Each structure stands twice: as structure tokens, then as C-alpha cells.
Amino acid sequence: MPKRYWLFKNEPDCFSIEDLEKAPNQSTEWEGVRNYQARNMLRDDVQKGDEVFYYYSNAKPAGIVAVCTVVKSGYPDPTALDPNSQYFDPKATREDPRWYMVDVKLKQKFPDIIPLATLKATPGLEKMMVTQKGSRLSIQPVTPDEWKTIIELAKRM
DNA sequence: GCCAACGTTGGC
DNA sequence: GCCAACGTTGGC
């Protein structure tokens, strides 16, 4: 299967890129996704070896801060079964886990955030999901062309 | 803090 | 299965 590209959203208050840098092996479990469309991609489409833009939402500014690599493809999210977790879902069971996650590892932190406004102003990214109004999906596919365009942007920073 | 856009819930 | 009400997301 060819390598695919993704954009994962996260709030810096929740788990920042500095947290990821300090994490063991600079990797983390991408737990807590509770949206079916995003779940389906985590379960079925995101594969080990795929690359991911780490995107800050609810940040000033919002934007892409790093590149990560998927180090473990979709498996059941145990926080759904944990009553003490903020991500607990009473409808999830061991037999029918409902929610899935992947593991990612930091590959490259950008010297500075690439703000959403820059993405919106960059030719070639007009149709990118994250630049569309009302784009709320927290796991988004990125096309190879969009990926390349953003990597080039980062090189010129 | 505002509010538009979107997803989910639940009554019917 | 429809759809109004509600809750959440996320840019600004």
C-alpha cells in the first residue's frame, strides 16, 4: 500500500508538541477521537509508515507545527472502556470497542508554526480540507500534492 | 466571548 | 426516517 498523508488536529492545551518532544521515544497514542468519520479513517485507512501533519486547533494562531510518522496503525482505544477517563464511552465494550486510535512519533518539529492564514493564502491549498470554512473533522486526508506544497513552505521558513 | 457550521440525539 | 433541538468545534 502506498504511503498516505494526513492532518491530525489537537489543542495545544491538551497535548502540545513540546509534550510530544518530551514523551518516551517521542511518540504518543492518539486517543480520544470520538467522531465516526474520523474513527473510520483511524481504523481502516491510517497505516504504519504514513505521515501526519500535527495541527493546532483552538490556538493563536491555529496551524501546523510538526510532521509525525504513524508507528502503529488502528487498534481499539482503551480510554473508551475506562470510567475514569474523560473519553469514557459507556456504549463501548471489549467485544465492540467502537473507538480506535493509532500511535504517532515525532519526525520533525517545524522552526515555527505554519499558520492557517498562510495555508489559506498558498496556491495549491485552496481545496485542502483544513482551509475550508466549517472544517471540523479532526482526522483529515491530505493529498500528495498538498503535502509537498506544505513541506516546501516549511523549507523556506 | 461570539457565533457559524457541523454532528448527535431523541420525539414522533 | 425525518428533523428540530441541542451540544461541540474552532476561527476570529
Side-chain angles (χ1 to χ4, degrees), chain A residues 4-21 23 28-46 50-68 70 73-104 106-143 145-154 156-157:
Chain A
R4 298 191 201 186
Y5 302 101
W6 307 95
L7 179 146
F8 287 8
K9 285 188 196 171
N10 194 17
E11 301 190 14
D13 291 346
C14 175
F15 191 81
S16 72
I17 196 65
E18 287 77 21
D19 292 332
L20 181 58
E21 276 186 304
T28 188
E29 301 169 334
W30 205 271
E31 84 278 2
V33 172
R34 296 293 179 267
N35 166 283
Y36 286 104
Q37 211 180 334
R39 188 279 309 269
N40 291 346
M41 287 189 277
L42 288 177
R43 188 187 58 192
D44 305 330
D45 302 320
V46 181
D50 287 358
E51 294 197 285
V52 174
F53 285 132
Y54 196 118
Y55 178 89
Y56 275 174
S57 60
N58 274 322
K60 295 176 184 177
I64 297 171
V65 291
V67 173
C68 294
V70 176
S73 42
Y75 62 105
D77 180 348
T79 64
L81 299 171
D82 178 3
N84 297 316
S85 169
Q86 59 172 317
Y87 302 121
F88 177 63
D89 179 355
K91 290 178 184 162
T93 64
R94 205 160 292 281
E95 294 71 32
D96 181 16
R98 257 167 87 105
W99 304 113
Y100 284 75
M101 64 184 191
V102 301
D103 292 357
V104 302
L106 180 63
K107 182 178 180 189
Q108 179 203 356
K109 184 184 167 190
F110 291 150
D112 200 358
I113 189 169
I114 304 176
L116 178 59
T118 302
L119 299 177
K120 284 182 172 172
T122 300
L125 302 181
E126 296 88 352
K127 293 185 176 171
M128 192 178 181
M129 199 178 285
V130 79
T131 64
Q132 309 303 306
K133 191 177 178 185
S135 167
R136 287 174 38 175
L137 198 57
S138 63
I139 304 291
Q140 303 185 354
V142 175
T143 69
D145 282 346
E146 289 162 352
W147 184 272
K148 199 174 160 192
T149 299
I150 293 166
I151 294 296
E152 288 302 317
L153 262 186
R156 281 187 263 120
M157 288 167 73

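The figures here come from the full heavy-atom set of this structure, side chains too, leaving out hydrogens, waters and symmetry mates. Numbers restart at 1 for each chain; the letters A, B, ... are given by sequence-line order, proteins then strands. Here the structure is a predicted model, which means the values were calculated and not measured.
- Within the structure, every pair that satisfies the salt bridge (charged side-chain N to carboxylate O under 4.0 Å, His left out) test and touches residues 74-84 of chain A, not counting sequence neighbours, is listed here: A:Arg34-A:Asp77.
- The distance between atom CD of A:Gln37 and atom C1' of B:dG7, rounded to the nearest whole Å, is 10 Å.
- Scored by the salt bridge (Lys or Arg N to Asp or Glu O under 4.0 Å) test, A:Glu18 finds A:Lys109 as partners (sequence neighbours excluded).
- Contacts between residues 84-101 of chain A and DNA chain B, defined by a heavy-atom separation under 4.0 Å, are absent.
- Taking atom CD of A:Gln140 as the reference point, atom P of C:dT9 lies 15 Å away to the nearest angstrom.
- Every residue was checked against the side chain to side chain donor-acceptor pair (under 3.5 Å) condition with A:Tyr55, not counting sequence neighbours, and none meets it.
- Judged as a side-chain hydrogen bond (donor to acceptor under 3.5 Å, both in side chains), the pairs with a partner in residues 83-92 of chain A (not counting sequence neighbours) are, in order, A:Asp89-A:Arg98, A:Asp89-A:Trp99.
- Defining each end axis of the helix from B:dG1-C:dC12 to B:dC12-C:dG1 as the rotation carrying four pairs' C1' atoms onto the next four, with five pairs an end, the two axes are found to diverge by 10° to 10 degrees.
- With sequence neighbours left out, A:Phe53 forms a ring-ring contact (aromatic ring centres under 6.0 Å, His included) with A:Trp147.
- Contacts of A:Ser138 classified as side-chain contact (heavy atoms from CB on, under 4.5 Å), with partners at least two apart in sequence or in another chain: A:Lys9, A:Val33, A:Ala38.
- When the side chain to side chain donor-acceptor pair (under 3.5 Å) test is applied to A:Lys107, the partners found at least two apart in sequence or on another chain are A:Glu51.
- Between the side chains of A:Tyr75 and A:Asp103, a donor-acceptor pair is found at a separation under 3.5 Å.
- The salt bridge (Lys or Arg N to Asp or Glu O under 4.0 Å) test applied to A:Glu152 returns A:Lys155, not counting sequence neighbours.
- Spacing between atom CD1 of A:Ile139 and atom C1' of C:dT9 amounts to 14 Å, rounded to whole angstrom units.
- Listed by chain and residue number, A:Ser135 satisfy the side chain to side chain donor-acceptor pair (under 3.5 Å) test with A:Gln140 (two or more places apart in sequence, or in another chain).
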Which atoms of nucleotides 10-12 of chain C (N or O only) lie under 3.5 Å from a protein N or O atom, and what are those distances?
{"from": "C:dG10", "atom 1": "OP1", "to": "A:Lys9", "atom 2": "NZ", "distance (Å)": "2.9"}
{"from": "C:dG10", "atom 1": "OP1", "to": "A:Arg136", "atom 2": "O", "distance (Å)": "2.7"}
{"from": "C:dG11", "atom 1": "OP1", "to": "A:Tyr55", "atom 2": "OH", "distance (Å)": "2.7"}
{"from": "C:dG11", "atom 1": "OP2", "to": "A:Asn58", "atom 2": "N", "distance (Å)": "3.2"}
{"from": "C:dC12", "atom 1": "OP1", "to": "A:Lys120", "atom 2": "NZ", "distance (Å)": "3.1"}

